[in-house]
Amino acid sequence: MEENAASKNFIEEFIEQDIAELGLTHIRTRFPPEPNGYLHIGHAKALFIDFSMAERFGGTCNLRYDDTNPAKEDVEYVEAIENDIRWLGFKWDKLCYGSDYFDQCFDLAVKLIKKGLAYVDDLTKDEVREYRGTLTEPGRNSPYRERSVEENLDLFCRMRDGEFEDGARTLRAKIDMASSNINMRDPAIYRIRHFTHHHTGDMWCIYPMYDFAHPIQDAIEGVTHSLCSLEYEAHRPLYDWVTEHCEFDPRPRQIEFARLNLTNTVMSKRYLRRLVEEGYVAGWDDPRMPTLCGLRRRGYTPEAIKDFLARAGIAKADSVVDTAMLEHCLREDLNVRAHRMIAVLDPLRLVVENMQELEFHEVELGNLPDQPEAGTRKVRFGRELFIEREDFAIDPPKKYFRLKPHGEVRLKGAYIIKCTRYETDEQGNVTTVYCTYDPETRSGESDRKVKGTLHWLSAADAIPAEFRLYEPLLLDEQEGEERDFIERLNPDSFKSLRGYVEPALAQANPGDRFQFIRMGYFCADLEHTAQRPVFNRAVGLKDSYKPGAIDN
RNA sequence: UGGGGUGUCGCCAAGCGGCUAAGGCCCCGGAUUUUGAUUCCGGUAUCCGCAGGUUCGAAUCCUGCCACCCCAGCCA
C-alpha cells in the first residue's frame, strides 16, 4: 500500500504546530459518541480520525460516552458501540463516561457562580428564546441575570436537590447577550431533568449541557486535541470560554472537520431511525443500512472501510463521496483473499447429451487465482447441470460471449460445450438447454480457446441457497425541489433469489466471504446455516458488458 | 440578514508566490485472461467560484462580488 508521505491533512499540521510551539509530549484524542443509536460509517470517519491522529503522533485515544442527556440514551447502545469499534480494529486507551465527571462539572459550575460567571435563570423556555434575540438583533439580559452569588448558589444547590420541576430553572453562563455569535448569548449550562440515567441512576436530577460538559471532560482526561465535526465550529468560542474560566491548564484544543456523506445514502440518526421504526428496513443491521452492523452483515471488511476513509480524505469542505469509492475498496480487499466459489443465482437446466445418466467427471477448481497455496477443491461434472439463466440467449445481441443456439462456450474448469437445442414452455421461456461436451477440451489439457466462460453447477450435487441482492436504499436526488427522503426510497433495494451453491459452501459460517465467480462478492448471512444457506451480495463485480450498447 | 466556515476535473483531494495543476474513484481506449473480473499499459482540468488588482511570475497575496453549508434546543 503506497503512502503519500508528503501530504499532511490540516489536522496533522495543527498538531505538529502545537507540538512544536507548546512542547506537547503526549497527544491524546477521544471518540465521544452519545449512546443513543448505532454507529454508522460517518462515525467510522470520526473514529478513524481520532484514532489515527493519536497513533500518528504516538499518542492515545479514549472512548468516552457523551451521556449528558439521560432522556435520549440507553445501555443497549453502549454495548453495540464498543462491539463496532472493536470490529473496526481500534483500541481505545481508557473507557470513560462523561457522566463520571458530573461531580466535577457541578463543582466547576459552582466555581463559575462564585466568579460571577454563571447565574440561575427562572425564565421559561419560550421567554429565553424571546430574550435571545435573532441572528441580526442582539438579545436582552434576563431579569434574573444580576442575582447575587449567594442567591445563585442557594438556588443551584436546590436545583440539584430536586426542589424544582423540569424546566423551572436553568443555570446559564454569564457571557454576552449582544454577542454576534448566538452561542455566546448566555448559553444554558445546566438543566433540570428528573430522569433515571442509564449510568448514574437517580443520583442526579440536573444535567450539564454538552457545551459545558464536553470541554470539561476533555480537560480532565488530558485530551490535547478534541476533534469534532464542522457544526461545532461556532461553539468553539464557548468551548474555549469554559476551559479558560474553569482555569484548566493545559487546555485542550478543538479542531473541526467535515463529516462524511455518501451518495444515495442517508447518514443522520433521525432518518436511520425512521427507516428502522417505520419498517422500511429489517433493522439497524439490515445489510442496506450504512450502520457498521449493517455493513458488517452485508460483507464489508474493516480493512475496506478504513482504506475508504483514508482515501476519501480529511478536509473542511462539505462533500458527498461517491459510494462507488467504498465499493471499490471492498472489491480491492476481497479480490486478493475471498475464495472463488460457484453459485448459480437464477438456475437454468443444462443437459449434456453425450454423457450418461450416472457418469461424472471430477474436476479441480482453484480457490484463488494465481495463488496455488490457497488450495483447490474437487467438484463433479455430470450430465445434468445448472447455468445462470442470463447466460443463455435464443436471440443474443451482438458480442454476446455466452451460450446461444449452436454456440460454444467453456464451462469454467471443465470442458467446452456446444449448444445443440433448447426447450421452452408455452410462454416461450427456456426450460432446458441441451449441449454436447468435447472430451478433448478438459481444463488444462487443451489449447482450444472460445470466447466465453460460464460458471456452472452439477445438479446432482448443488445445494439450494437463498441469495439476497441489494441496491442503494435511496434513488438519486432529483433536480429542483427536495422531496421527503421517504419518497426517495428505492423500491427495488432488496431482492431475494433462490438458486444453488456448490457443496463446499454448506460448511460456511455466518460472516464468511466469497467471490461467487462472475456474480460478485457474497457474505454468509447471520441467518445462514448448513440446512438453509443464505448469502448476501456485498458488492457486484465490475462489469464492462453492456448488452444494450451500440457497437460500431 | 449578524456571526462562523467552504469553494481546484463528473466525485473525493493534494497544492502554502516560480519546472508543462499530484493521486484516488468514475469513465474511455488497448494488451493479457478458462471470471466480459483481476492485472497491465495509455487517455481525460491551457485551467483552479467570478471580476479586478499586486508581482518578472499567482490556484496560491490584496480588493470586491457570487454560491453553498452551520448557528436563534433547558439536543449532541
Side-chain angles (χ1 to χ4, degrees), chain A residues 2 4 6-9 13 32-34 36 66-69 71-73 121 123-125 128-129 132-139 166-172 179-185 187-193 206-207 209-211 213-214 228-237 256 258 263 269 308 310-329 331-332 335-336 340 342 369-370 399-402 409-416 441 443-444 446 448-455 515-520 540-546:
Chain A
E2 75 274 45
N4 195 351
S7 145
K8 296 182 191 103
N9 65 57
E13 289 181 347
E34 181 182 22
N36 69 345
D66 211 336
D67 56 352
T68 54
N69 186 354
K72 288 191 168 185
E73 300 149 7
D121 197 354
L123 254 27
T124 65
K125 204 177 212 168
V128 167
R129 188 182 308 121
R132 185 157 31 228
T134 67
L135 294 178
T136 50
E137 305 154 30
D166 285 10
R169 293 178 220 265
T170 57
L171 183 71
R172 294 228 259 164
S179 174
S180 52
N181 180 347
I182 287 199
N183 300 121
M184 298 297 271
R185 317 239 263 231
I189 57 178
Y190 256 99
R191 80 288 216 179
I192 302 170
R193 269 265 214 288
I206 57 171
Y207 293 93
M209 300 286 290
Y210 168 88
D211 281 321
H214 206 86
C228 61
S229 45
L230 246 27
E231 65 267 29
Y232 292 103
E233 219 160 8
H235 293 246
R236 194 184 337 134
E256 312 84 8
T263 54
K269 218 166 262 182
F308 164 72
R311 291 189 195 217
I314 302 169
K316 294 194 70 159
D318 293 318
S319 62
V320 183
V321 181
D322 197 328
T323 303
M325 180 123 80
L326 213 209
E327 295 177 336
H328 168 83
C329 292
R331 287 192 196 100
E332 191 173 86
N335 178 47
V336 295
R340 305 297 130 101
I342 294 181
D370 308 319
K399 292 193 176 175
Y400 185 78
F401 303 157
R402 285 109 105 133
V409 92
R410 163 148 238 129
L411 292 184
K412 175 85 179 174
Y415 303 91
I416 289 174
T441 58
S443 187
S446 162
R448 239 186 100 196
K449 305 280 185 202
V450 283
K451 191 61 185 170
T453 301
L454 309 185
H455 59 284
Q515 184 198 101
F516 289 162
I517 292 174
R518 302 207 308 135
M519 302 311 284
L541 259 23
K542 282 193 69 171
D543 186 4
S544 58
Y545 173 54
K546 298 172 194 67

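Small disclaimer: the values here were computed from a predicted structure and weren't measured.
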(Q) For R311(A), is there an ion pair with E332(A) - N to carboxylate O distance below 4.0 angstrom? (A) yes
Q) What's the closest nucleotide to the A324(A) side chain, out of rG36(B), rC27(B), rC25(B)? A) rC25(B)
Q. Counting distance only, does the side-chain N/O of T453(A) pair as donor-acceptor with the main-chain N or O of R410(A) below 3.5 Å?
A. no
Q) Considering only rC11(B), rG73(B), rU1(B), which nucleotide approaches the side chain of D322(A) most closely? A) rC11(B)
Q) Any idea which of rC26(B), rA76(B), rU34(B) is nearest the K449(A) side chain? A) rU34(B)
Q. In terms of side-chain heavy atoms of R311(A), which of rC74(B), rG24(B), rU34(B) is nearest?
A. rG24(B)
Q. Which base sits across from rA21(B) as a Watson-Crick or G-U pair, both distances under 3.5 Å?
A. none
Q: Return the nearest nucleotide to the side chain of I182(A); candidates are rG36(B), rC71(B), rC75(B).
A: rC71(B)
Q. Mind checking who rC26(B) pairs with, Watson-Crick or G-U wobble, both distances under 3.5 Å?
A. none
Q) Which is true for Y232(A) with a 4.0 Å heavy-atom rule: it touches a base, it touches only sugar-phosphate, or it touches nothing? A) base
**Q.** Shortest side-chain distance from A317(A), nucleotide among rA76(B), rG5(B), rG7(B)
**A.** rG7(B)
Q: Report yes if a donor N or O on one partner sits less than 3.5 Å from an acceptor N or O on the other, where the partners are the side chain of R518(A) and the base of rU35(B); otherwise report no.
A: no
Q) Looking at rC70(B), does its base get a donor-acceptor pair with the side chain of E256(A) below 3.5 Å? A) no
Q. Is there a donor and acceptor pair closer than 3.5 Å between the side chain of T453(A) and the base of rU35(B)?
A. no
Q: Tell me the partner of rC50(B), counting only Watson-Crick (N1-N3 plus N6-O4 or O6-N4) or G-U wobble (N1-O2 and O6-N3) with both under 3.5 Å; none if nothing fits.
A: rG64(B)
Q: For F308(A), report the nucleic acid contact type (base, sugar-phosphate, nothing); a contact means any heavy atom under 4.0 Å.
A: nothing
Q: Using both distances under 3.5 Å as the test, list the Watson-Crick or G-U wobble partner of rG2(B), or none.
A: rC71(B)
**Q.** Nearest-angstrom distance, C1' atom, rC40(B) to rA58(B)
**A.** 39 Å
Q | Which nucleotide in rA76(B), rC26(B), rG3(B) has an atom nearest any side-chain atom of H328(A) | A | rC26(B)
Q. Any salt bridge between K72(A) and E34(A), counting N to O under 4.0 Å?
A. no
Q. Syn or anti for rG73(B), with syn set at within 90° of 0?
A. syn
Q.
Are rA76(B) and Y210(A) stacked, with the base six-membered ring and the side-chain ring centres under 5.5 Å apart and planes under 30°?
A. no
Q.
Regarding S544(A), tell me which of base, sugar-phosphate or nothing describes its non-hydrogen contacts under 4.0 Å with the strands shown.
A. sugar-phosphate
Q: Decide yes or no, distance alone: a donor-acceptor N/O pair under 3.5 angstrom between the base of rG73(B) and the side-chain of R129(A).
A: no
